[in-house]
Structures are given as structure tokens and as C-alpha cells.
Amino acid sequence: VDALKICVKDLPPGGLEKTLTCQPEDIGLEDVFDLHFGRPLSIDVKLEKVSNTVFGQAHISTVITTTCGRCLADVKQDLSRDLELNFTVEKQTDCIDVGDDVRQEVVMNLPLKILCSEECKGLCPGCGANLNTEQCQCKK
Ligand SMILES: [Zn+2]
Ligand SMILES: [Zn+2]
């Protein structure tokens, strides 16, 4: 992905700090079950080249939107991850691409289940009432 490529010759001595942005689908991140990406990924990178290694850190942030695992209400959750980067570069290497590292980090850290609140009471299995806001209609 061009947006996540950094040309090795653009890395100044002392390093480079930059914010990259990309759409999740640009790096093959697709909605999983009912997890959606609520906004593009923002990636703050700090990179430095020392001899034939480019290394540094990236901070990834985005927002995941989904439905509560218990009551199905819409919920949003920030996703924010730090990751270490390390690339070996050859003389003929023009650019490095942080896309693969970013995708792996996000995929490995997608939440399995998001709740609107730890105290969410969920839906009644009998009548389907949202017990956070409604009275159960089941006959006792
Ligand atoms: Zn809920
Ligand atoms: Zn009920």
C-alpha cells in the first residue's frame, strides 16, 4: 500500500516521525463477524536507519464499532496498539512497507466480544426484552 510505504532514502539521519493513514481494506483488514472499523487507521511511526536495518515504533489507532455481545446495542471501542518495527534493507531496497506489520497487530488484537457495559443485563431469552431498559414480559 503506497500510503504505508516509506522510502529508505527519505529517512534522515536521526530518524523520521510521521503519521500515516490508510483505510482498513487497503491492508486487507476486513470486517470480522460484526466488527466494523469506524474510521481509517492512523499510524504514528518513528523510524531510524542504522546501517542495513530500519527500526522504530508505530502507534496504531482506530475505532471499532459493533453490537453489544449481550443486548445488541451499538457500541464503539477505541483500538490502540504500539508495535516495534524492524526491517532489514539491502542496497537496492527503495521502500519499506509497514502494512503487513500493522495488519497482523490489529488482527491479533481484535476484541472477541465487546459489551456496552460490564453490567449489561442483556436480552431476556424468553421474551427478548432488553433488560437494561425494558421489563421482562414473560409470565412467571
Ligand atoms: Zn449491552
Ligand atoms: Zn422475558
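Between G99 and L4 the shortest heavy-atom distance is CA-CD1, 3.7 Å. Across all non-hydrogen atoms, the minimal contact from T21 to S42 is CG2-CA, 4.2 Å. The shortest non-hydrogen separation linking D82 to E105 is O-OE2, 3.8 Å. Heavy-atom minimum distance, L11 versus L47: CD2-CB, 4.0 Å. Summarising the geometry of C116 relative to C68, their closest heavy-atom pair is N-SG, 3.3 Å, with the distance given to 0.1 Å. Pairing each heavy atom of C124 with each of C136, the nearest pair is SG-SG, 3.9 Å.
Interatomic distance, SG of C71 versus CG of N132, reported as 5.0 Å (0.5 Å rounding). How far CG of D26 is from CG of D2: 10.0 Å, rounded to the nearest 0.5 Å. Taking SG of C120 as the start and CG of L131 as the end, the distance is 8.5 Å to the nearest 0.5 Å. The line from OG1 of T53 to CG of L85 is 13.0 Å long, rounded to the nearest 0.5 Å. Rounded to the nearest 0.5 Å, atoms NZ (K139) and SG (C127) are 11.0 Å apart. Annotation: the span from F37 atom CZ to E25 atom CD amounts to 9.5 Å, rounded to 0.5 Å.
Under a 3.5 Å cut-off, the side chain of K121 and the backbone N or O of L123 do not form any donor-acceptor pair. Judged by distance alone, with hydrogens and angles left aside, the side-chain atoms of Q137 form a donor-acceptor pair with the main-chain N or O of Q135 at under 3.5 Å. Checking side-chain atoms of T62 against main-chain N and O of R39 turns up a donor-acceptor pair under 3.5 Å. No donor-acceptor distance shorter than 3.5 angstrom exists from the side chain of N109 to the backbone of V106, with no hydrogens or angles considered. Under a 3.5 Å cut-off, the side chain of T93 and the backbone N or O of C95 do not form any donor-acceptor pair.
V45 and F55 fall into different hydrophobic clusters, where Ile, Leu, Val, Met, Phe, Trp and Tyr residues are linked whenever their side-chain heavy atoms come under 4.5 Å apart, directly or through other members. By the criterion of side-chain heavy atoms lying less than 4.5 angstrom apart, applied directly or through intervening Ile, Leu, Val, Met, Phe, Trp or Tyr residues, I60 is grouped together with L16 in one hydrophobic cluster. Placement of V89 and I6 within a single hydrophobic cluster is found when ILVMFWY residues are connected by side-chain heavy-atom separations under 4.5 Å, directly or transitively. Grouping the Ile, Leu, Val, Met, Phe, Trp and Tyr side chains by contacts below 4.5 angstrom, directly or via other members, places L35 apart from V63. Under a hydrophobic clustering in which Ile, Leu, Val, Met, Phe, Trp and Tyr are joined whenever their side-chain heavy atoms come within less than 4.5 Å, directly or via other members, F87 and V8 fall into the same cluster.
The shortest distance between side-chain heavy atoms of T67 and V75 does not fall below 4.5 Å. Taking the side chain as every heavy atom from C-beta outward, Q77 and P111 approach each other to under 4.5 Å. Using a 4.5 Å heavy-atom threshold, the side chains of Q57 and E84 count as touching. L41 has its side chain within reach of I27: a pair of non-hydrogen atoms, C-beta onward, lies under 4.5 Å apart.
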Worked verdict on T19 versus I43 for side chain to side chain contact (heavy atoms under 4.5 Å, CB included): CA-CA 6 Å; T19 300; I43 304 133; over 6 Å; no
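Every residue two or more places apart in sequence or in another chain was checked for a salt bridge (charged side-chain N to carboxylate O under 4.0 Å, His left out) with R70, and none qualifies. D97 pairs by the salt bridge (charged side-chain N to carboxylate O under 4.0 Å, His left out) definition with nothing, not counting sequence neighbours.
Environment of CD in Q92: crowded, with over 12 heavy atoms of neighbouring residues, nucleotides or ligands closer than 6.0 Å.
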